[in-house]
Protein chains: 2
Amino acid sequence: MSIETDTREVKAMTSLKDIAQVCGVSVATVSKALNNHSDVSEARREQIKSKARELGYFPNQAARALKTRSTMDIGVLFADAHNSGLTHPYFSQVLEGLKIRTEERGYDLTFIGIKSKRNKMTFLEHCVYRNVDGVVVACVDFNQPEVLELVRSRLPVVTIDHVMDDCATISSNNVEGMTRLTQYVLSKGHRKVAYIHGRPSSTTNERMVGFFRAMEEKGIDPPEAYIREIPYLDDEAAYDMTLELLALEDRPTCIMYPDDYCCIGGINAIRDMGLSVPEDVSVTGYDGVPIARVVSPKITTYQQNMLEIGQTAADKVIELIERPRTAIKNNTVIGGTLFEGGSVGTIK
Amino acid sequence: MSIETDTREVKAMTSLKDIAQVCGVSVATVSKALNNHSDVSEARREQIKSKARELGYFPNQAARALKTRSTMDIGVLFADAHNSGLTHPYFSQVLEGLKIRTEERGYDLTFIGIKSKRNKMTFLEHCVYRNVDGVVVACVDFNQPEVLELVRSRLPVVTIDHVMDDCATISSNNVEGMTRLTQYVLSKGHRKVAYIHGRPSSTTNERMVGFFRAMEEKGIDPPEAYIREIPYLDDEAAYDMTLELLALEDRPTCIMYPDDYCCIGGINAIRDMGLSVPEDVSVTGYDGVPIARVVSPKITTYQQNMLEIGQTAADKVIELIERPRTAIKNNTVIGGTLFEGGSVGTIK
DNA sequence: TTGAGTTACGAAAACGATTTCGGACGTGAA
DNA sequence: TTCACGTCCGAAATCGTTTTCGTAACTCAA
């Protein structure tokens with residue numbers, strides 16, 4: 001425990017002026033040399049660049065931003081509906097992908113948070129205030145007026161998993177993913193398949209489409225009682241709902257859950273009833289989070305490629321930033337892979 | 001799929017000049033009014049403030065930063081040794097805490113990443129370049145020269161879980177936590193307690209101290225074969241190590257793991273040997289991540305208060321920023337709570 | 001009336017970078 | 001020699017904000 005003494009080295013910012021001084025040229029020339037403008041001789045450019053390196057020069061972002069309106073900074077907006085914050089098992093990986101790719105390409109990442117108390121600004125105002133070059137939006141309530149304002153602004157915006165007009169989107173292939181997962185279950189001989197889906201959203205809708213598509217292919221029309229709804233990531237709700245399903249007269253042989261966490265909750269319910277997975281009841285998850293491979297049996301799930309979703313979102317927003325006229329605002333779908341764990345048994 | 005047409009509304013930044021214009025005063029007066037300087041009349045101040053609100057004015061951070069050297073931006077440096085990136089179950093919650101508190105206090109959070117290829121700068125250079133007001137450092141290799149350079153700089157730095165000279169630290173109470181967890185195990189009658197700890201680090205060392213302290217209190221000296229080491233978060237290593245421990249002549253009745261993930265790996269090994277938890281073998285985790293409460297039986301673990309660690313780190317770095325002379329650089333320890341799951345049985 | 005002391009405001013410099021424009025100089029052709 | 005042209009560089013404006021300093025106007029006591 002010691003009082004701050006402030007005797008330590010100051011890492012002084014070396015400016016263009018410093019370089020100009022030692023090179024005996026003007027600031028303008030230094031700037032042009034470092035930015036590879038054509039009206040500076042090759043010899044000068046080399047001299048200046050080597051001096052700059054030597055002095056440990058890095059452009060002051062604040063000054064540059066003031067003049068050029070470019071900050072090399074990308075905002076990330078994330079407000080979870082599940083109260084899990086950044087620990088959101090899906091989003092944290094998307095964020096990691098974003099971080100990796102933006103860093104690779106020389107951009108930084110800044111959170112555009114929920115407005116603070118003192119100076120409450122909207123998301124867009126926050127972006128303008130911070131001069132971010134673009135924004136990636138995920139997990140928010142896309143009907144919120146503030147989000148609409150942001151998406152409709154001139155700012156380059158990329159959304160994750162939610163298609164909006166005139167705005168680029170990176171999304172997981174929910175239809176195909178759920179189709180393939182269901183097809184896998186059916187290929188194991190299951191015919192009495194229950195599906196507990198998440199709360200309504202574009203993601204949920206797509207997965208429903210995938211589920212029913214696969215079922216229809218086999219000519220199966222599941223009874224209404226087999227289709228249920230719970231919140232995402234709510235293992236307790238999954239537990240209760242599982243008990244309900246297993247109490248049915250004609251009990252399903254396989255239960256499909258909205259995500260891997262819910263699936264674990266379901267497994268607990270099944271075991272607490274004295275049944276076992278997958279011998280008595282089969283289950284599937286969704287997402288393919290790390291924990292799905294750790295529990296026993298490993299959960300059969302559709303593994304979304306969240307890292308790639310994040311990376312692609314970064315590429316997309318940077319493309320919109322750097323080539324505003326040519327960049328196309330479309331929907332990029334990222335494929336995943338079926339992970340065959342041990343939670344789905346065979347029905348003879 | 002449509003070509004960007006750029007017909008959308010521009011959210012024009014309203015500047016001090018705009019306000020000055022409509023109020024018929026100078027820019028200087030507007031600035032002073034908004035910053036509550038004393039040399040502007042009350043009437044003027046009100047007029048200017050209301051106009052500013054009306055026009056949706058927010059100060060341009062870039063311009064302000066250029067002049068004042070304050071960006072209201074805090075850097076967060078995080079490089080995981082476990083390759084789990086932001087999905088790191090521990091860190092993602094710390095980050096969430098950081099995010100919540102910094103937002104509350106009007107600061108933003110920017111990642112200070114690993115240097116990118118094109119312009120490779122050190123962490124400190126990155127901070128200087130970005131003009132962050134302070135940095136929070138977590139999970140990095142604290143022996144790295146770059147990290148040392150950063151910590152020793154004049155920049156306000158707060159580290160998480162690693163005490164360094166002349167630098168504020170927020171850490172979990174590892175000694176007490178492990179002591180209490182071990183005491184709990186012993187109180188259940190266990191005497192043959194194995195401890196699989198993580199790779200050496202200050203955190204690991206503290207927990208070892210806690211473990212042996214509790215054991216000594218009971219006069220127990222565990223055999224060397226009971227003390228093992230694996231990487232953190234490596235459930236497969238935990239699986240293998242558990243098999244080894246259970247193959248011992250004199251098998252332990254309880255195995256303590258370095259974290260909850262490893263504990264789950266251990267549970268799998270125990271079950272695969274035809275034994276059950278906690279009837280045949282008891283287990284404990286560490287951290288208290290959400291999944292510990294989802295698996296069955298729930299894992300008895302020491303729940304670190306990671307959200308609060310993050311929030312406290314934010315408070316600390318902001319204190320160092322706003323009161324550089326008076327702020328004290330010390331080590332703040334955040335307590336956790338014992339979570340009594342069902343993974344530890346009673347030995348009669 | 002005079003002088004000192006407030007009060008309320010504006011002019012201007014500064015932060016560090018980019019960019020426009022113009023000028024000095026050298027080269028080659030007529 | 002002269003003129004047109006290209007090459008290389010610098011002066012100065014600019015981005016939006018903060019801050020110092022100067023000053024006009026007003027108050028009040030002597």
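Below, chain A is the first sequence line, B the second, and so on; all start at residue 1. For the numbers below, each heavy atom of this structure counts, side chains included, while hydrogens, waters and symmetry mates do not.
- In this structure, the CG atom of B:Leu55 is 15 Å from the P atom of D:dG16, given to the nearest Å.
- Between its two ends, the helix from C:dT1-D:dA30 to C:dA30-D:dT1 turns its axis by 60°, counting five pairs per end and rounding to 10 degrees.
- Checked against salt bridge (charged side-chain N to carboxylate O under 4.0 Å, His left out), A:Arg64 has no partners two or more places apart in sequence or in another chain.
- When the side chain to side chain donor-acceptor pair (under 3.5 Å) test is applied to B:Asp315, the partners found at least two apart in sequence or on another chain are B:Arg101, B:Arg105.
- The salt bridge (charged side-chain N to carboxylate O under 4.0 Å, His left out) check on B:Asp108 picks up A:Arg130, with sequence neighbours excluded.
- Partners of A:Glu308 under the side chain to side chain contact (heavy atoms under 4.5 Å, CB included) rule, at least two apart in sequence or in another chain, are A:Asn305, A:Thr312, A:Ile334.
- Going from atom CE of B:Met72 over to atom P of D:dT18 covers 12 Å, rounded to whole Å.
- Legend: residues meeting side chain to side chain contact (heavy atoms under 4.5 Å, CB included) with A:Asp39, ordered by chain and number and at least two apart, are A:Lys32, A:His37.
- In terms of the side chain to side chain contact (heavy atoms under 4.5 Å, CB included) criterion, residue partners of A:Asn36 (sequence neighbours excluded) are, by chain and number, A:Arg45, A:Lys49.
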Check nucleotides 15-19 of chain C against the protein and report each pair of N or O atoms closer than 3.5 Å, with its distance, or say if there are none.
unit_1	atom_1	unit_2	atom_2	d
C:dC15	O3'	B:Arg69	NH2	2.7
C:dG16	OP1	B:Arg69	NH2	2.6
C:dG16	N2	A:Ala63	O	3.3
C:dA17	OP1	A:Tyr57	OH	2.9
C:dA17	OP1	A:Asn60	N	3.3
C:dA17	OP2	A:Leu16	N	2.5
C:dA17	O5'	A:Tyr57	OH	3.4
C:dT18	OP1	A:Asn35	ND2	3.3
C:dT18	OP1	A:Arg64	NE	3.1
C:dT18	OP1	A:Arg64	NH2	3.0
C:dT18	OP2	A:Ser31	OG	2.8
C:dT18	OP2	A:Asn35	ND2	3.2

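- Applying the salt bridge (charged side-chain N to carboxylate O under 4.0 Å, His left out) rule to B:Glu46 yields no partners; only residues at least two apart in sequence or on another chain are considered.
- Here A:Asp18 pairs with A:Thr14, A:Ser15 under the side chain to side chain contact (heavy atoms under 4.5 Å, CB included) rule; sequence neighbours left out.
- Scanning for salt bridge (charged side-chain N to carboxylate O under 4.0 Å, His left out) contacts around B:Arg69 gives an empty result, with sequence neighbours left out.
- Listed by residue number, the members of residues 39-48 of chain A with any heavy atom below 4.0 angstrom from DNA chain D are A:Asp39, A:Val40, A:Ser41, A:Arg44.
- Counting all heavy atoms, side chain and backbone alike, B:Gly75 lies closest to B:Ile112 at CA-CG1, 3.9 Å.
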